[in-house]
Amino acid sequence: MARRTDEPLVLGIETSCDETGVGIVRGHTLLADAVASSVDEHARFGGVVPEVASRAHLEAMVPTIQRALQEAGVTAKDLDGIAVTAGPGLAGALLVGVSAAKAYAYALGKPLYGVNHLASHICVDQLEHGALPEPTMALLVSGGHSSLLLAPDITSDVRPLGSTIDDAAGEAFDKIARVLNLGFPGGPVIDRYAREGDPDAIRFPRGLTGPRDPVYDFSFSGLKTAVARWIEAKRAAGENVPVADVAASFQEAVVDVLTRKAVRACKDHGVDHLMIGGGVAANTRLRAMAERRCEDAGITLRVPRPKLCTDNGAMVAALGAEMVARGRAASSWDLSADSSLPVTHTHVPGETGGDHEHEHGDGHGHGHGHGHDHDHFHELSKDNLYS
């Protein structure tokens with residue numbers, strides 16, 4: 001099938017944590033998804049070290065952008081816009097991405113879109129299953145976030161229904177893997193061991209599931225403590241710890257709560273589609289339980305392939321392309337990184353974003369009506385910088 005050239009061509013940059021992601025999309029079509037991960041550099045610390053992540057982003061940024069452009073078979077001048085994660089995330093890591101996006105956008109004369117990391121995780125599903133239904137219910141689960149979100153419009157209206165009050169689901173996976181001496185990151189290794197274990201071997205607690213507890217909020221701190229104490233008791237008694245059974249039982253407790261609350265949210269709000277995203281969405285048991293419970297409830301489940309669930313530039317590009325297609329205001333040049341950017345801010349237009357046309361662009365993307373006033377910047381010879 002021939003590609004439509006009238007759809008916005010957008011490059012997205014993601015640096016909220018330890019992966020430098022650069023994606024290129026045209027409309028809802030993924031053209032390139034290049035990732036440079038620094039996870040191995042963090043493994044010896046048992047978690048992500050912000051300064052190490054920031055330095056890794058600096059080193060990987062330009063080569064990863066070049067790789068994405070080559071993979072997509074386009075030049076930087078062909079782009080209709082540059083999108084970047086403005087938050088939430090690690091402040092230093094975000095700053096590297098935002099600075100790079102500003103440099104490329106200005107030098108190329110392209111509109112800049114600072115977008116929300118969580119909203120991007122929802123929007124990436126459009127690259128897999130087509131346009132999102134409106135509204136969409138989204139369950140986002142990762143190392144830093146466990147959230148239930150209602151999205152009537154992914155570019156302008158995302159409403160938080162519930163979130164974690166302590167540890168996120170991914171964080172709990174990492175901590176239990178550490179207690180079991182399984183290494184970092186914990187999600188994939190717990191999933192792997194759990195396949196050989198019995199999920200009913202140990203009945204671990206389900207947090208915030210009582211009749212008086214918040215309906216849509218999550219808590220995994222108590223579960224983490226209960227599992228750690230169970231393991232410690234076994235070791236203190238000189239008994240072997242059944243790693244596979246512990247992994248399976250812990251994982252079952254997490255996905256049971258996540259899927260029950262997500263399906264309930266869909267029913268309560270009359271939404272017949274559930275989208276699951278974030279790194280933990282790659283978990284095989286979460287996918288299987290969500291599929292079964294959604295089918296029983298008459299809800300259509302949408303889960304991107306595992307590679308698109310983890311942090312990547314494609315999700316940022318997907319949201320950026322949607323911003324362009326819907327005529328949303330571009331960001332102004334004073335865009336900054338915001339480590340605690342709320343999900344209600346799907347993007348950051350800035351005070352002057354979208355109010356001016358380009359004065360020295362290359363003719364691409366102006367039909368979308370987005371631009372910036374560059375009068376307060378020194379003119380650059382862009383033709384000599386990018387091909």
Side-chain angles (χ1 to χ4, degrees), residues 17-19 21 33 35-48 121 124 128 139-146 164 167-207 218 220-221 223-232 234-235 239-260 262 276-294 301 303-312:
C17 193
D18 62 329
E19 291 182 321
D33 181 22
V35 177
S37 177
S38 61
V39 65
D40 292 341
E41 299 177 47
H42 304 281
R44 63 193 178 101
F45 300 105
V48 176
H121 268 303
V124 75
E128 188 89 57
L139 171 66
L140 298 186
V141 280
S142 67
H145 308 280
S146 296
T164 183
D167 288 353
E171 185 180 3
F173 271 89
D174 287 340
K175 290 182 177 179
I176 295 306
R178 190 180 306 128
V179 174
L180 289 171
N181 299 317
L182 298 180
F184 174 86
V189 70
I190 290 286
D191 191 4
R192 187 166 64 251
Y193 272 89
R195 295 171 197 171
E196 306 299 325
D198 178 4
D200 298 318
I202 311 157
R203 179 67 183 183
F204 288 126
R206 272 64 168 164
F218 303 99
F220 298 107
S221 179
L223 169 63
K224 175 200 67 180
T225 301
V227 176
R229 287 179 176 173
W230 193 94
I231 295 170
E232 290 168 2
K234 282 288 184 181
R235 288 172 175 165
E239 301 177 21
N240 290 328
V241 175
V243 174
D245 285 346
V246 172
S249 299
F250 160 73
Q251 179 176 268
E252 193 76 1
V254 173
V255 302
D256 182 21
V257 172
L258 290 172
T259 55
R260 283 186 185 277
I276 302 181
V280 181
N283 181 274
T284 56
R285 181 57 179 154
L286 174 60
R287 286 170 173 254
M289 187 179 290
E291 184 175 0
R292 176 174 60 82
R293 286 181 168 168
C294 282
L301 178 66
V303 189
R305 59 185 179 272
K307 187 177 180 182
L308 293 181
C309 289
T310 54
D311 292 349
N312 59 82

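In this text the structure is predicted, and so the values were computed from the model without any measurement.
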Trainee: Does some side-chain heavy atom of Arg195 sit less than 4.5 Å from a side-chain heavy atom of Asp191?
Mentor: yes

Trainee: Looking at side-chain heavy atoms only, is the closest gap between Leu258 and Val141 below 4.5 Å?
Mentor: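 Leu258 reaches Val141 side chain to side chain.
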
Trainee: For the residue pair Leu140 and Gly278, what are the closest heavy atoms and their distance?
Mentor: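 So the minimum-distance heavy-atom pair works out to CD2-N, 4.5 Å.
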
Trainee: Starting at OG1 of Thr225, measure out to CG of Asp167 and round the result to the nearest 0.5 Å.
Mentor: 8.0 Å

Trainee: Quick one, Ile190 and Leu180 - any side-chain contact, counting heavy atoms below 4.5 Å?
Mentor: yes

Trainee: Quick check: closest heavy atoms across Ile276 and Ala281, and the distance to 0.1 Å?
Mentor: CG2-CB, 3.7 Å

Trainee: Nearest 0.5 angstrom please: Arg192 CZ to Asn283 CG, how far?
Mentor: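 Going from the CZ atom of Arg192 to the CG atom of Asn283 covers 12.5 Å.
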
Trainee: Test of understanding: with side-chain hydrogen bond (donor to acceptor under 3.5 Å, both in side chains), list the residues that count as partners of Arg293, not counting sequence neighbours.
Mentor: Asp256, Thr259

Trainee: Restricting to non-hydrogen atoms, name the atom on Val246 and the atom on Trp230 that form the minimum distance, rounded to 0.1 Å.
Mentor: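 Shortest heavy-atom contact: CG2-CZ3, 3.5 Å.
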
Trainee: Starting from the C-alpha separation in whole Å, work towards a yes-or-no answer on side-chain contact (heavy atoms from CB on, under 4.5 Å) for Val243 and Asn181.
Mentor: CA-CA 10 Å; Val243 174; Asn181 299 317; over 6 Å; no

Trainee: Using a 4.5 Å cut-off on heavy atoms from C-beta on, say whether the side chain of Glu128 contacts that of Cys309.
Mentor: no

Trainee: Ignoring hydrogens, what is the shortest heavy-atom contact between Val254 and Ala169? Give both atom names and the distance.
Mentor: CG1-CB, 4.1 Å

Trainee: With rounding to the nearest 0.5 Å, note down the distance linking CZ in Phe184 to CG in Asp174.
Mentor: 5.0 Å

Trainee: What is the minimum heavy-atom distance between Asp311 and Cys17, and which atoms define it?
Mentor: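 Reported closest heavy-atom pair: OD2-CB, 4.1 Å.
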
Trainee: With rounding to the nearest 0.5 angstrom, report the OH to CD1 distance, Tyr193 to Ile176.
Mentor: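 It comes to 15.0 Å.
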
Trainee: Please determine if Glu171 and Lys175 form a salt bridge, counting it only when a charged side-chain N lies under 4.0 Å from a carboxylate O.
Mentor: yes

Trainee: Side chains of Arg206 and Glu252: closer than 4.5 Å at any heavy-atom pair?
Mentor: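 With C-beta onward as the side chain, the pair touches.
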
Trainee: Report yes if some heavy atom in the side chain of Arg235 is under 4.5 Å from a heavy atom in the side chain of Val241; otherwise report no.
Mentor: yes

Trainee: Could you report the tightest heavy-atom contact between Ser249 and Asp198, atom names first, then the distance?
Mentor: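 Where Ser249 meets Asp198 most closely, the heavy atoms are OG-O, 3.2 Å.
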
Trainee: Would you check if Met289 and Pro199 make a side-chain contact, meaning some heavy-atom pair closer than 4.5 Å?
Mentor: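 No; the side chains remain at least 4.5 Å from each other.
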
